[in-house]
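Here the structure is laid out as structure tokens; the discussion comes afterwards.
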Amino acid sequence: MPSPIVELDLDDWGATPEARPEWTAAVEAGKVLWFPRLAFAVRPDERALLRENMLAPKSRNVSLSADGVLKGAGGDGAEQASLAAMVGRFRAQALALVDALFPAYRGALTAAPTSFRPRRVETRRQSVRADDRRMHVDAFPSRPNYGERILRVFANINPEGAPRVWRVGGDFESVARHFLPGAKPYRAWQARALQALHVTKSLRSEYDHLMLQLHDRMKYDERWQQQGEQWRVPFAAGSCWVCYSDQAVHAVMEGQYMMEQTLYLPPGREANPAASPLQILTRLVGRPLAGVGAGVAR
Ligand SMILES: [Fe+2]
């Protein structure tokens, strides 16, 4: 497979040139769009916010909701207000970038809270299933999404110039073909039990079940983690990148201080829905996988 990274030469968040259909096609093919010269500008007075204890104890990330509520932040009140302003500025720029890059999605996207991630990736200790240094596709155990797409914008804002290093894997369909044969079969009664026990916020569909199986089977396969098709990609400080994290196989190996914005796209609203994980898995399994009319609980 050719490299999964597509470099784009934009350097100004507000001056995106006329969108090209191939950008949407690339991101929908599971590629990572990388903007090496598009930096999120941290202002001099914001530099002091780039420290690990701007994260509250026990929080994984700082998040800012659409209505401006900041969660998970350390620091004092004034610092939290500055942090909210900085994260909010990234949110506005990320949403504008996505709007300019993918005009086909206009009116269909829902923005999640924006996150600031000040923790160093290398020293994080986690279980195999939670360890994002193992290649995976994103899938949520508690929040079934029925094929809703997870589009993410990332910016490396490391003040010392440290890259954010990812490993990016082979294309989704090849990886799915590799791992699907050993996946546990979906059981509707188990899905109902998980919902009754509030393990899931709504009924887990067969699509959600298979995505979690892929996520877990990838992470637990030591040999595939080492020998599976992959590219090591150092995303430089002062760059940003965009991908569908439910489709682009990825692992986060190194780095500290990042901004991230997630947007959700309803299934079927892609320019080419046939390239989506839902339709790929549906074809591979040979029957419909997502509950009809099911809603996503947030
Ligand atoms: Fe991930």
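All values below were derived from every heavy atom in this structure, side-chain atoms included, with hydrogens, water molecules and symmetry-related copies excluded. Sequence positions, counted from 1, serve as the residue numbers for this chain. Ligands are counted one by one from 1 in listed order, and the atoms in each one are counted from 1 as well.
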Angle at the Fe ion (ligand 1) (to 10°), with one arm to NE2 of His250 and the other to NE2 of His136
90°

When you measure from the Fe ion (ligand 1) to the N, O or S atoms of Asp132, does any of those distances fall below 2.8 Å?
no

Does Phe154 have its ring centroid less than 6.0 Å away from the ring centroid of Trp166?
yes

Charged tip of Arg149 within 45° of Tyr244 ring normal and under 6.0 Å
yes

What N, O or S atom of Asp138 is found closest to the Fe ion (ligand 1)?
OD1

Which heavy atom of Leu101 sits nearest a heavy atom of Thr24, and at what distance?
O-OG1, 3.9 Å

Ring centroid separation Trp241 to Phe35 under 6.0 Å:
no

